[in-house]
Amino acid sequence: MKAKASRVRERVIDAKTRTRFTRPLLQWYDASGRDLPWRAEVTPYAIWVSEIMLQQTQVATVRPYYDRFLKVFPTIADLAAADLEKVLKLWQGLGYYARARHLHRAALEVVARFSGNLPDTFEALMSLPGIGRSTAGAILTIAFKKRYPILDGNVRRVLCRFFAVSQDPREKSVDAWLWLCSEKLMPTKRLSGIYLQAIMDLGATVCSPKHPDCLSCPVEKHCEARALGLQGELPMREKRKKVPHYDYFAGLLVCGDSVLIHRRPLKGLLAGLWEFPGMRLEDALVKESIMPQFEAFFKNEINQSPKDAQLFMTIRHVFTHFKMTLYVFSARIAGDVPVHLPLKWVRRDRLSNYAFSTAHQKIVSGLSGLDDCPRLF
DNA sequence: GATGCGTGGTG
DNA sequence: TCACCAAGCAT
């Protein structure tokens with residue numbers, strides 16, 4: 001293991017290697033690169049937004065969110081002036097909501113510290129929440145025409161294959177070498193922005209994780225993984241741990257034409273999003289045990305017993321680190337029950353103004369599909 | 001340095 | 001149904 005590690009560290013990227021890799025890549029991009037909205041002549045702010053949205057998220061998913069976001073917040077000042085709630089609403093369904101929170105906070109900082117202009121130095125960008133080394137590199141290179149490397153999933157995969165790196169790319173020394181490599185392969189400053197887009201496109205469309213399309217690859221001739229037949233195996237990845245499964249319940253509490261919702265705390269999972277109040281079931285082995293917990297929960301929350309509780313829908317949902325089965329019970333509350341934040345009564349036709357997680361959005365959708373349900377309304 | 005953080009697509 | 005994967009960053 002040590003021998004391999006030192007071999008990678010010693011490996012030097014010279015001008016010849018760069019030519020063999022970079023030139024055909026740029027030619028390929030010229031002919032086969034994707035036409036994406038953030039590749040038109042757009043502002044550094046737009047590049048920034050796209051880079052944040054694209055973190056761990058595929059292009060097809062991002063596109064509609066990107067378009068909407070820039071339409072509503074065309075400038076950093078617009079974003080900074082908005083409520084976090086409105087930003088989260090636009091982010092609803094995209095996932096990793098800390099990105100939205102950080103982006104919003106960063107916009108406020110840019111207004112306060114940089115007169116509303118996105119800074120163009122590595123240190124200043126890195127000091128903003130949500131911007132790490134790769135995102136800073138992408139912004140500096142693509143938006144500000146500088147020459148900073150990135151090392152995202154695409155670049156990592158392409159490099160591990162081209163140089164047949166069999167070690168774990170997350171290992172510190174290997175990671176450091178890959179960063180160096182990423183920088184050395186970059187062309188002149190003038191072409192660097194194009195180059196970054198090219199290598200990311202290659203990773204996304206040709207040098208894909210599972211079944212790379214080597215016959216379409218511009219650098220196949222010199223790809224070491226290809227020569228060894230290892231293109232499908234590299235980069236090395238460790239098996240994902242099996243995630244646990246938990247049961248939850250939520251209450252769809254109805255009073256007149258209003259329903260009760262709850263805002264999640266600003267830290268942790270789905271931070272700041274709205275949901276139908278509920279909790280994890282300690283013991284869901286027996287479905288019959290839900291009702292007592294349901295009653296006790298609302299007795300505690302609003303000091304009131306819901307009436308006519310019955311199963312409204314069952315939702316299965318997968319998060320990064322656990323699976324959830326959510327039992328949603330509808331029930332009626334008689335008379336006015338005052339609540340205070342994070343609980344809130346909201347008219348049914350106003351629910352669309354609130355940002356819900358995807359699981360709970362299914363409840364909202366199920367509700368509007370009902371139209372008039374005499375049992376509930 | 002390991003872990004937490006969403007969702008949708010795919011085989 | 002399930003395992004795996006996708007333009008990382010914060011803590």
Side-chain angles (χ1 to χ4, degrees), chain A residues 33-34 36-39 47-66 88 91-103 105-106 125-139 141-143 149-158 168-173 175-176 178-179 182 193 195-205 207-212 232 235 237-245 264-273 275 315-325 355-362:
Chain A
R34 290 177 292 182
L36 301 172
W38 45 88
R39 288 184 178 168
I47 303 281
W48 174 27
V49 170
S50 76
E51 289 299 329
I52 300 299
M53 288 187 170
L54 285 163
Q55 288 168 4
Q56 306 292 102
T57 310
Q58 294 183 336
V59 164
T61 307
V62 164
R63 281 187 90 136
Y65 283 90
Y66 172 85
L88 285 173
W91 211 272
Q92 172 178 314
L94 192 56
Y96 285 137
Y97 299 95
R99 294 181 297 175
R101 216 167 55 247
H102 290 147
L103 182 59
R105 210 171 77 220
L125 284 173
M126 286 287 286
S127 77
L128 295 170
I131 298 183
R133 191 172 172 187
S134 268
T135 302
I139 293 171
T141 303
I142 297 170
I150 64 173
L151 188 60
D152 53 22
N154 285 321
V155 175
R156 187 178 296 110
R157 187 169 57 253
V158 169
D168 187 339
R170 284 154 301 200
E171 197 183 304
K172 213 173 160 184
S173 64
D175 180 74
L178 287 168
W179 271 104
S182 175
Y195 167 82
L196 283 195
Q197 324 234 33
I199 193 169
M200 287 191 284
D201 261 19
L202 187 74
T205 65
C207 198
S208 54
K210 284 293 194 58
H211 305 289
R237 41 193 180 261
E238 71 187 41
K239 266 198 185 147
R240 215 165 271 208
K241 287 176 212 146
K242 223 180 130 168
V243 300
H245 173 273
R264 297 179 61 90
L266 283 168
K267 282 189 188 300
L269 183 69
L270 306 169
L273 296 196
E275 64 186 7
I315 295 165
R316 274 167 244 289
H317 194 76
V318 181
F319 295 97
T320 313
H321 50 300
F322 72 95
K323 297 176 192 183
M324 168 178 82
T325 301
F356 288 87
S357 71
T358 295
H360 284 256
Q361 180 58 40
K362 288 176 190 165

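In terms of phosphate contacts, A:Arg156 brings no side-chain nitrogen or oxygen within less than 4.0 Å of OP1 or OP2 of C:dG8. For A:His317 and B:dT7, the shortest distance from a side-chain N or O to OP1 or OP2 is below 4.0 Å. Between A:Tyr97 and B:dT7, a side-chain N or O to OP1/OP2 separation shorter than 4.0 Å is present. At the phosphate of B:dT3, OP1 or OP2 sits under 4.0 Å from a side-chain N or O atom of A:Lys241. Remark: A:Thr358 is in phosphate contact with B:dT7, judged by side-chain N or O atoms under 4.0 Å from OP1 or OP2. For B:dT7, the OP1/OP2 oxygens have no side-chain nitrogen or oxygen of A:Lys362 closer than 4.0 Å. Proximity of A:Arg237 to the phosphate of C:dC5: a side-chain N or O atom is located under 4.0 Å from OP1 or OP2. Listed pair A:Gln56 / C:dA6 fails the phosphate criterion, with no side-chain N or O lying under 4.0 Å from OP1 or OP2.
With B:dG6, C:dC5, C:dG8 as the candidates, the nucleotide lying closest to the side chain of A:Pro209 is C:dC5. Among C:dG8, C:dA3, B:dG6, the nucleotide with an atom closest to any side-chain atom of A:Asp152 is C:dG8. The side chain of A:Thr135 lies closest to C:dG8 when the candidates are C:dA6, B:dT7, C:dG8. Taking every side-chain heavy atom of A:Arg157 into account, C:dA6 is the closest of B:dG6, C:dC9, C:dA6. The side chain of A:His321 sits closest to B:dC5 out of B:dT7, B:dT3, B:dC5. Checking C:dA10, C:dA6, C:dC5 against every side-chain atom of A:Lys210, the shortest atom distance belongs to C:dC5.
What separates CZ of A:Arg101 from P of B:dG4 is a distance of 16 Å, to the nearest Å. As a whole-Å value, the separation of A:Leu273 CG from B:dG6 C1' is 10 Å. Rounded to whole Å, atom C1' of C:dA6 lies 11 Å from atom CZ of A:Arg99. Atom NZ of A:Lys323 is separated from atom P of B:dG6 by 18 Å (rounded to the nearest Å). Atom CD1 of A:Ile52 and atom P of C:dC9 are 8 Å apart (whole Å). For the pair A:Leu88 CG and B:dT7 P, the computed distance is 12 Å after rounding to whole Å. Put simply, NE2 on A:His102 is 8 Å from C1' on C:dC9, counting in whole angstrom units. Atom P of nucleotide B:dG4 and atom CZ of A:Phe322 are separated by 11 Å, given to the nearest angstrom.
For A:Thr57 against B:dG6, a side-chain N or O and a base N or O form a donor-acceptor pair under 3.5 Å.
The closest donor-acceptor contact from the side chain of A:Arg99 to the backbone of A:Met53 lies under 3.5 Å. Between the side chain of A:Arg34 and the backbone N or O of A:Asp201 there is no donor-acceptor pair closer than 3.5 Å. With hydrogens and angles disregarded, a donor-acceptor distance shorter than 3.5 Å links the side chain of A:Arg157 to the backbone of A:Cys207. Using a distance-only test at 3.5 Å, with no hydrogens or angles considered, no donor-acceptor pair links the side chain of A:Arg156 to the main chain of A:Pro169. Between the side chain of A:Tyr97 and the main chain of A:Gln92, no donor-acceptor pair closer than 3.5 Å is present. Under the 3.5 Å distance criterion, the side-chain polar atoms of A:Ser134 are matched with a main-chain donor or acceptor of A:Leu151.
Here A:Trp38 lies in heavy-atom contact (under 4.0 Å) with a base. Residue-level contact check: A:Leu36 touches the bases, meaning some heavy atom is under 4.0 Å from a base atom. A:Gly203 comes within 4.0 angstrom of no nucleic acid atom, judged by non-hydrogen atoms across all strands. Counting any heavy atom pair closer than 4.0 Å across all strands shown, A:Val318 reaches a base atom. Among the atoms of the strands shown, base atoms are found under 4.0 Å from some heavy atom of A:Leu94. Counting any heavy atom pair closer than 4.0 Å across all strands shown, A:Arg63 reaches no nucleic acid atom.
Across A:Val62, A:Val49, A:Ile142, a single residue satisfies side chain to side chain contact (heavy atoms under 4.5 Å, CB included) together with A:Trp38, and that is A:Val62.
If you find the closest nucleotide of DNA chain B to A:Phe319 and to A:His211, the one lying nearer the 5' end belongs to A:Phe319. When the nearest nucleotides of DNA chain C are assigned to A:Met126 and A:Ser50 by heavy-atom distance, the more 5′-ward of the two goes with A:Ser50. Comparing A:Thr320 and A:Lys172 along DNA chain B, the residue whose closest nucleotide (by nearest heavy atom) sits nearer the 5' end is A:Lys172.
On the P atoms, C:dT11 is 14 Å away from B:dG6, given to the nearest whole Å.
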